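Residue numbers count from 1 along this sequence. Fair warning: this is a prediction, and the values are worked out from it, not measured in the lab.
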Amino acid sequence: MMMRLMGAAVAALCLALPAAAQTGSPDAALLARGRHLVEVTGACGNCHTPMGPQGPDMTRALAGGNVFDEPPFRAVASNITQDPETGIGRWTDAQIGRAIREGIRPDGRIIGPPMPIGLYRGLSDRDLAAMVAYLRTVAPVRNAVEASVYRIPLPPAYGPPVATVPDPADNPVARGAYLANAVAHCMECHTPMVDGRNDFSRIGAGGMEFRGPWGVSVARNLTPHANGIGGWTDAEIIRAITTGVSQNGRPLAPPMAFWAYRSMTPQELSDLVSYLRSLPPQP
């Protein structure tokens, strides 16, 4: 049964990926979109690029190795460069796409948290193809990383194979919801976690703790509640996202990827604010 599901997932992805991504000759627009998704809105490097005292080490971009040691798991970010031995250089386009959107490696193993597969299942076919095409251009970096260890059971799958996902509806809240969930996975960090999994009944309520060289930072409540961003202006929200400065002028701590989000487009930032304003207030 598992092999049939895996085969169906591969077949579905091959149908979903445009021919340019499958043949290895993507057009400029597809690559530009992929670069923006990986480097800016998706901020993949925030987890997959080794971190130094001053932030991501861009000489080893996307080479993996960051450790997320929490009670439910000790997860180690994978090398997603084109290195054939320690990265994804030997994976097919379909295998890369399935790992991102289905959470299944080429050998059938399930990818666990904090990779937000439940949210990435909502990536549109167009954007998934763009990300795969761009990842093909990433310079190979040899960096073998240790295997992740999970102290919680992983699911046999995150759901049935995803056949096809359209682009979001053309309105600000829908575009913002797509950006905050499927692409930038803001809600993965800003929604409380119970037993290693997000409690989406309290979406955007914050409270998750992140430990690093900076100490301990706590994800903010992003809902329009008095304890959240209900009293913030649109400009203050955008400043926090792109520069890491809170409403009161206080610098915000990592791991928020301000270095990536500062390159988001004005339209993306406006859509994101529209979505955050639409969330049910959470105390």
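- Remark: Ile88 CD1 to Asn79 CG distance equals 8.0 Å, nearest 0.5 Å.
- Of the inter-residue distances, the one linking Ser270 atom OG with Arg175 atom CZ reads 8.0 Å to the nearest 0.5 angstrom.
- Residues meeting the salt bridge (charged side-chain N to carboxylate O under 4.0 Å, His left out) test with Arg151, sequence neighbours left out: Asp69.
- A donor-acceptor pair shorter than 3.5 Å can be found between the side chains of Ser124 and Asp167.
- Thr81 contributes no side-chain N or O that, together with a main-chain N or O of Leu62, makes up a donor-acceptor pair within less than 3.5 Å.
- Separating the CG atom in Asp199 from the OG1 atom in Thr191 is a distance of 8.5 Å, to the nearest 0.5 Å.
- The backbone N or O of Pro50 sits nowhere less than 3.5 Å from a side-chain atom of Asp57 that would complete a donor-acceptor pair.
- Between Arg121 and Glu102 there is a salt bridge, since a side-chain N of the basic residue sits under 4.0 Å from a carboxylate O of the acidic one.
- With hydrogens and angles ignored, the 3.5 Å screen pairs a side-chain donor or acceptor of Asn181 with a backbone N or O of Ala177.
- In this structure, CG on Asn198 lies 10.0 Å from CE on Met187, to the nearest 0.5 angstrom.
- Looking only at distances, no side-chain donor or acceptor of Thr243 sits under 3.5 Å from a matching main-chain atom of Ala240.
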Donor-acceptor pairs are to be reported for all side-chain atoms of residues 254-264 against protein atoms at under 3.5 Å, with residues two or more places apart or in another chain.
| residue | atom | partner | partner atom | Å |
| --- | --- | --- | --- | --- |
| Trp259 | NE1 | Asn46 | OD1 | 3.4 |
| Arg262 | NE | Trp259 | O | 3.1 |

